[in-house]
Amino acid sequence: MPLTIGVPREVFPDEKRVATVPDVVEKLIKLGFAVSVESGAGDAANFADDTYRATGATVVGDAASLWAGSDIVFKVRAPSPVEVDLMRTGGTLIGFVWPAQNPELMKQLAAKKATVLAIDSLPRQLSRAQKMDALTSMAGVSGYRAVIEAANAFGRFFNGQVTAAGKIPPAKVFIAGAGVAGLAAIGAAANLGAIVRANDTRAEVADQVVSLGGEFVKVDYEEEGSGGGGYAKVMSEGFQAAQRAMYAQQAREVDIIITTALIPGKPAPKLITAEMVKSMKPGSVIVDMAGEQGGNCELTEPGQAVVRHGVTIIGYTDLPSRLAKQSSTLYANNLLRLTEELCKTQKEKGDGTIDVNMEDEAIRGLTVIRDGDVTWPPPPLKVSATPQAAKPAAPVAEKKSGHGHGAGEPMSAGSLAIMFGVGAALFWLIGAFAPASFLSHFTVFVLACFIGYMVVWNVTPSLHTPLMSVTNAISSIIAIGALIQVAPPLEGVAEGRPSNWILGLAVAALALTAINMFGGFAVTRRMLAMFRK
């Protein structure tokens, strides 16, 4: 019998998101499920009840009826104790649960014999889990919204301008932490015209920062900061001291600081001290995206925007909810992909049932309670997210002097001298016995090969494909040969016109080279456009 998916109205204060949207309801129904939505659940995200009805969902008037009539409940925030009491015994809950931070909630759900899939416990190391990764979806929205909040509180434009009324310098933005949220903030701030700087303990994100238009500010201390699951790890005292010195310098220079640093299962690290806040210019802004976990700034007040020492400190804990329609759409798609994974083992596709397959690593990681039995934390993944240590190279046998070289080894001086000697002898033979006309063409050919190699060698790898397309177009110089065959002979020239089949080949060559020439330049132009803003 098809199961019913219920979507209640979120009861958490100021939460505007909804766990599914009308477009996704249609797809859930195609999978065989019935969908019930509590009346008004999507109002704050601009999804009216009628839009759900139009896609086939049933709108239920009260929360008690919805919880009691739902086999599976989609939620955004973790359920309240009242909602757990309303939940059907043996039902399934899918949403944010945060099992490490909510032990009492876990006990209540276990007592209900529930099956709970915590979307926040998804093993993000698995590449196929990306489509279900709601943490990444919400972090991207939060990073973008953090820049919007900063712009709203800041006293001038982000981009620099020169007007008749005076010159406006560009805003300087520093972003602490270049994870998903940080990268989204970098892109948004750079697109608004600000000078963007960013730092992260993970050195590998430096290229991503630069690609989005930011400048990576490195801490003068060598230590690897990558942790498990795409998070950063706790750094050593030496690194933290060097990092604080760098933050203190940035605080004096920039206009806006956005902090995103979080470590799973631990309070947010304090990156911005009260002294740093005092050193900032009056009118500056700090957006603390870690406010819900205590904040990265010592003066942050979670959920509020306050002014301290002339600096506006924004500690909102509902940044994704402030873009409720976009957040709800992304989150609904994440839950849809998870539902599709749960339906993979169905005997008949579209029968509206799920199978919590504990042999599937992604599903096992998500499942924190199974039929009332607490299964969190999950066992370690079989495939480690960190690259395996390189095996020590096998000892290389000692080479005998003057006898070649092994694969991948640099060529010895003797071998190099022999190769150049053979090449020089070959060129001498060609120069001594070849006709003068051949020698001039051969010289041009060798120089062209050398220059072409040097040009291509110094091109950025990302531009190799555009380069090949334009050189392909330039190679259509062979059209000149076809033109010579098609053109009538000059007056006074004894040679007659070529035969009809040669003319036909020449015309065909002209047509093909014209396509190659103009097409090559057109493709190059489109490729290069991808590298421009």
Quiz item: Sub-3.5 Å donor-acceptor pair from the side chain of S39 to the main-chain atoms of V60, do we have one?
Solution: no

Here the ring-ring contact (aromatic ring centres under 6.0 Å, His included) pairs for residues 245-294, sequence neighbours left out, are F174-Y247

Sorted by chain and residue number, the side chain to side chain donor-acceptor pair (under 3.5 Å) partners of R364 (sequence neighbours excluded) come out as none

Expected output: side-chain S284 to main-chain M280 donor-acceptor under 3.5 Å: no

### Message
Is there a salt bridge (charged side-chain N to carboxylate O under 4.0 Å, His left out) between E298 and K278? Walk through the geometry before answering.
### Response
CA-CA 12 Å; E298 288 183 348; K278 288 180 184 179; over 6 Å; no

### Task
Flag the pair E340 and K131 as a salt bridge only when some basic side-chain nitrogen lies within less than 4.0 angstrom of an acidic carboxylate oxygen.
no

Separation between CE (M132) and CG (L335), nearest 0.5 Å, reads 11.0 Å

**Asked** Do other residues, nucleotides or ligands put more than 12 heavy atoms under 6.0 Å from F216 CZ?
**Response** yes

| Between V84 and L86, is any pair of side-chain heavy atoms under 4.5 Å apart? | no

_Apply side chain to side chain contact (heavy atoms under 4.5 Å, CB included) to residues D23 and T55 and explain how you reach the verdict._
CA-CA 7 Å; D23 287 345; T55 56; 5.6 Å; no

### Non-hydrogen side-chain atoms of L338 and I119 separated by less than 4.5 Å
yes

Heavy-atom closest pair (P269 atom, A261 atom, distance to 0.1 Å) is CD-O, 3.6 Å

For residues 273-324, the ring-ring contact (aromatic ring centres under 6.0 Å, His included) pairs (sequence neighbours left out) are none

Nearest heavy-atom approach of P123 to A129 is O-CB, 3.7 Å

Contacts satisfying salt bridge (charged side-chain N to carboxylate O under 4.0 Å, His left out) that involve residues 90-110 (not counting sequence neighbours) are E104-K107

Side chains of L319 and V141 in contact at under 4.5 Å (non-hydrogen atoms)
no

Do D133 and R124 meet the salt-bridge criterion of a basic N to acidic O distance under 4.0 Å? yes

Problem set entry | side chain to side chain contact (heavy atoms under 4.5 Å, CB included) evaluation trace for I286 with T312 | CA-CA 6 Å; I286 296 174; T312 302; over 6 Å; no

D43 atom CG, over 12 foreign heavy atoms within 6.0 Å
yes

In short, A198 meets I186 closest at the heavy-atom pair CB-CD1, 3.6 Å

Check: Can you tell me if R244 and T273 form a side-chain donor-acceptor pair at under 3.5 Å?
Finding: no

Value for CZ (F96) from CG (D120), rounded to nearest 0.5 Å, stands at 6.5 Å

- Task: Would you mind reporting whether N199 and M246 have side-chain heavy atoms less than 4.5 Å apart?
- Result: yes

dist I94:CD1 -> L366:CG (nearest 0.5 Å) comes out at 8.5 Å

Could you check whether D360 pairs with K344 (Lys NZ or Arg NE/NH1/NH2 to Asp/Glu carboxylate O, under 4.0 Å)? no

*Side-chain contact test, heavy atoms from C-beta onward, threshold under 4.5 Å: evaluate it for L330 versus M138 and give yes or no.*
yes

Query raised in the report: Between the side chain of N152 and the main-chain N/O of I148, is any donor-acceptor distance below 3.5 Å?
Result: no

* So do P99 and W376 actually touch side chain to side chain, heavy atoms under 4.5 Å? -> yes

Open item on the list: Go through it in stages, so that I can follow the logic: the residues are E26 and K30, the test is salt bridge (charged side-chain N to carboxylate O under 4.0 Å, His left out), and I'd like the CA-CA distance, side-chain angles, deciding distance and then a yes or no.
Closed with: CA-CA 6 Å; E26 289 183 323; K30 286 181 180 178; over 6 Å; no

- Query: Would D288 and I314 satisfy side chain to side chain contact (heavy atoms under 4.5 Å, CB included), going step by step from the backbone distance to the final call?
  - Reply: CA-CA 6 Å; D288 192 340; I314 299 172; over 6 Å; no

*With a distance cut-off below 6.0 Å to the six-membered ring centre and an angular limit of 45° from the axis, does K325 pair with F47 as a cation-pi contact?*
yes

E301 meets the side chain to side chain donor-acceptor pair (under 3.5 Å) criterion, sequence neighbours left out, with R308

In this structure, OG1 of T89 is separated from NZ of K113 (nearest 0.5 Å) by 10.0 Å

Do the side-chain N and O atoms of D318 and S321 include a donor-acceptor pair separated by under 3.5 angstrom? no

Distance col, row Q250:CD vs I272:CD1, nearest 0.5 angstrom, shows 9.5 Å

Please list, one pair per line, the donor and acceptor atoms closer than 3.5 Å that link side chains of residues 65-74 to other protein atoms, with sequence neighbours excluded.
from, atom 1, to, atom 2, distance (Å)
S65, OG, D62, OD1, 2.8
S65, OG, D62, OD2, 3.1
S70, OG, L66, O, 2.6
D71, OD1, R88, NH1, 2.4
D71, OD2, T4, N, 2.8

Salt bridge or not for E253 and K281, using N-O below 4.0 Å? no

### Query
Between T260 and G177, is there a donor-acceptor pair closer than 3.5 Å when you use the side chain of the first and the backbone of the second?
yes

So SG of C297 and CE of M276: to nearest 0.5 Å the spacing works out to 9.5 Å

Between C343 and T353 the two heavy atoms that sit nearest each other are SG-O, 3.6 Å

Scanning both residues in full, the closest heavy-atom pair of P170 with I195 reads CG-CD1, 3.7 Å

Task: Any donor-acceptor N/O pair, E10 side chain to V76 backbone, under 3.5 Å - done: yes

With side chains defined as the heavy atoms from C-beta onward, is the minimum distance between D255 and R156 less than 4.5 Å?
yes

Problem set entry | Steps toward side chain to side chain contact (heavy atoms under 4.5 Å, CB included) verdict (L381, Q125) | CA-CA 9 Å; L381 292 176; Q125 304 95 317; 3.9 Å; yes

Q.
When you measure from the side chain of E83 to the backbone of S80, do you find a donor-acceptor pair of N or O atoms at a distance under 3.5 Å?
A. yes

Between T115 and the options D373, D371, T375, the side chain to side chain donor-acceptor pair (under 3.5 Å) test singles out D371

Between N159 and G193 (side chain of the first, backbone of the second, donor and acceptor by atom type, cut-off under 3.5 Å), is there such a pair? no

N-O pairing of R77 and E15 below 4.0 Å
yes

message = So L31 and L336, do their side chains get closer than 4.5 Å, heavy atoms only?
response = yes

I'd like to know whether NZ of K16 has more than 12 heavy-atom contacts from other residues, nucleotides or ligands below 6.0 angstrom. no

From the list V35, V24, I5, side-chain contact (heavy atoms from CB on, under 4.5 Å) with I29 holds only for V35

**Message:** Atom NZ of residue position K270 - does it have more than 12 heavy atoms of other residues, nucleotides or ligands inside 6.0 Å?
**Reply:** yes

Tightest non-hydrogen contact, residues A268 and N296, listed as CB-ND2, 3.6 Å

